[in-house]
Protein chains: 2
Amino acid sequence: MPRKSGAKDPIVATSATGDETDTRERILHAANRLFAERGFDGATLREITEAARANLAAVNYYFRSKDELIRSTLESALKPIVAARLEALKACERAYPDRLPPLESLADALVRPMAELSSGENRDRLLLLLQVRTIAQAATNSVVADHFRPLHERFIDVLQKVLPNLSRAELALRYDCARGATLQILVDLAPAAQLVVSPAERATTIDRHEWLIAGLVQFVSAGLRAPPTVLRQPTTRKKAPGAATKPR
Amino acid sequence: MPRKSGAKDPIVATSATGDETDTRERILHAANRLFAERGFDGATLREITEAARANLAAVNYYFRSKDELIRSTLESALKPIVAARLEALKACERAYPDRLPPLESLADALVRPMAELSSGENRDRLLLLLQVRTIAQAATNSVVADHFRPLHERFIDVLQKVLPNLSRAELALRYDCARGATLQILVDLAPAAQLVVSPAERATTIDRHEWLIAGLVQFVSAGLRAPPTVLRQPTTRKKAPGAATKPR
DNA sequence: TCCCCATTGAAACGTTTGTATGATACAAAT
DNA sequence: ATTTGTATCATACAAACGTTTCAATGGGGA
């Protein structure tokens, strides 16, 4: 059966009707979960379609290939977190119409949406695991970067106003630091924190979720607020404390 | 070649003599690189053995299976970074025999070894990529965690002395934050920093490597030094952290 | 009613995967 | 010279992979 020329392509026909969220959506959902659990290479289409109660060929029907499914999964998974962070940033600016928002509020806007989306009543950590996986995968990393770029620029713009003493380069560096700290805390499967804390001490913590967010915000805020870095001149080639360079 | 009685298993025979570093070592080296580049599932044994100029069966000869190769690769890759950080910590303590080392030195001991091992004349970022991959992979994550645990405990112990006002739980949390920030900065393939900084501004940076380390240390030190987190009671309606505790 | 077409289903495709097998080369010990 | 054990090689194998094909299905306009 020869296909008509681009008339009704099932791959792009979803948003047209609007309620076709059946098989395609189930596949996307299952793929999200399994990609996060076992990685993009580790999760097979057979597992995904089985979990989605769909036929194996459905993947190649709704998406062209596994690569396209990965891309679609990333887009659908990243959209909520970007939107939530952007919304939190806007709300933060709205709360302080005349003056600049405090740094703690900005840090909260950066940290909280990801914490809510990952550990809340929502699916558990899948979004974060997906994100971590894409960091190491050059192919998917560009997709993620493209989605996040506007958000990052918005955040750095606001931070630049709050912290005018920092160069934009250093500010961007610290923004990356903040992202890394957030990701690490929320995704790490074996954090040093959990190993160290005694059960009794953990029991006193009323709400671990809120405690994590508060601690993260505290750390990130202080890190962002640090005075500008002054590079030690290498004129005196004195090794830094604890250098102990190992020759190869 | 002197030979002991009993079964000589080639799998455990390497560390005995010490100079048998030929094919087995080449495979380990190639596996390190390819696992980091394409992931544990993405890198095939045929690619690895070809890159190592070894026969395909050599993997199952020196290691029992691909899983064992992954484990061996992780161990050999993690050992240097753990040793380097531990050595840096010891050197830091040695440099201040009578009083406690400054926080910046401790942060440097945490950050610098990984930066040196990843971006120096050494192989590029492979160790970091490996580490990031293991974060998301539950199976390999335990191996990594086991290797890092003594190091983490040592670091947190020292930090606890320098920052006695923090609970051990919060200290461990901030230590994880510091690890996350370090990992993110050193591994990220598409950092916001690189996208934002103008080429001119980057040109002024004499040594980007040293600049990254200094900025990281500055951020981490300030984050660790932040005052203890006070949990805001959720009785208040809106999340308006107005408690802007001025640092000094 | 019929036809159309988007969707689903089962089965097979060719390729690539990790692993296993047996032959062979080589060097030291017997 | 023969034996012995280590190491490397080409090759084979079953399983699993992503992808394709084609028939069956079913509901909505004509």
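Side chains included, hydrogens not; waters and symmetry mates left out as well; all remaining heavy atoms used. Every chain is numbered from 1, with letters handed out A, B, ... down the list of sequences.
- The interatomic distance linking B:Asp41 (CG) with C:dT17 (C1') rounds to 11 Å, in whole Å.
- Distance B:Asp22 CG to D:dA7 C1': 10 Å, rounded to the nearest Å.
- Evaluation of the salt bridge (charged side-chain N to carboxylate O under 4.0 Å, His left out) rule for B:Arg94 yields B:Glu87 as partners, not counting sequence neighbours.
- Annotation: proximity of residues 46-57 of chain A to DNA chain D (heavy atom, distance under 4.0 Å) is found for A:Arg46, A:Leu56, A:Ala57, numbered in ascending order.
- Residue A:Arg38 contributes atom CZ, which lies 13 Å from atom P of D:dA16 at whole-angstrom precision.
- A sub-4.0 Å separation between OP1 or OP2 of C:dG18 and a side-chain N or O of B:Ser65 is absent.
- The distance from atom CZ of A:Arg24 to atom C1' of C:dA6 is 15 Å, rounded to the nearest whole Å.
- Under the salt bridge (charged side-chain N to carboxylate O under 4.0 Å, His left out) criterion, B:Arg71 pairs with B:Glu68, not counting sequence neighbours.
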Pairs of donor and acceptor atoms involving the side chains of residues 39-47 of chain A, under 3.5 Å and at least two apart or interchain, shall be tabulated with distances.
unit_1: A:Thr44; atom_1: OG1; unit_2: A:Glu47; atom_2: N; d: 3.2
unit_1: A:Glu47; atom_1: OE1; unit_2: A:Thr44; atom_2: N; d: 3.1
unit_1: A:Glu47; atom_1: OE2; unit_2: A:Arg38; atom_2: NH1; d: 2.4

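- The side chain of B:Leu45 sits closest to C:dG18 out of C:dG18, D:dT20, C:dT8.
- Regarding A:Tyr61, its OH atom lies at a distance of 15 Å from the P atom of D:dT21, rounded to whole Å.
- B:Arg26 contributes a side-chain N or O that, together with a main-chain N or O of B:Arg53, makes up a donor-acceptor pair within less than 3.5 Å.
- Following rounding to the nearest Å, A:Glu68 (CD) and D:dT20 (P) show an atom-to-atom distance of 12 Å.
- Every residue two or more places apart in sequence or in another chain that forms a side-chain contact (heavy atoms from CB on, under 4.5 Å) with A:Leu212 is listed here: A:Ile185, A:Arg208, B:Leu173.
- For B:Asp157, the salt bridge (charged side-chain N to carboxylate O under 4.0 Å, His left out) partners are B:Arg168, not counting sequence neighbours.
- For the pair B:Phe63 CZ and D:dT8 P, the interatomic distance rounds to 12 Å; values are reported in whole Å.
- A salt bridge links A:Arg112 with A:Glu210: at least one charged nitrogen is closer than 4.0 Å to a carboxylate oxygen.
- When the nucleotides D:dT8, C:dT8, D:dT19 are ranked by their closest atom to the side chain of A:Tyr62, C:dT8 comes out on top.
- The interatomic distance linking A:Asn60 (CG) with C:dA11 (C1') rounds to 15 Å, in whole Å.
- Side-chain N/O atoms of B:Thr23 include one lying less than 4.0 angstrom from OP1 or OP2 on D:dT8.
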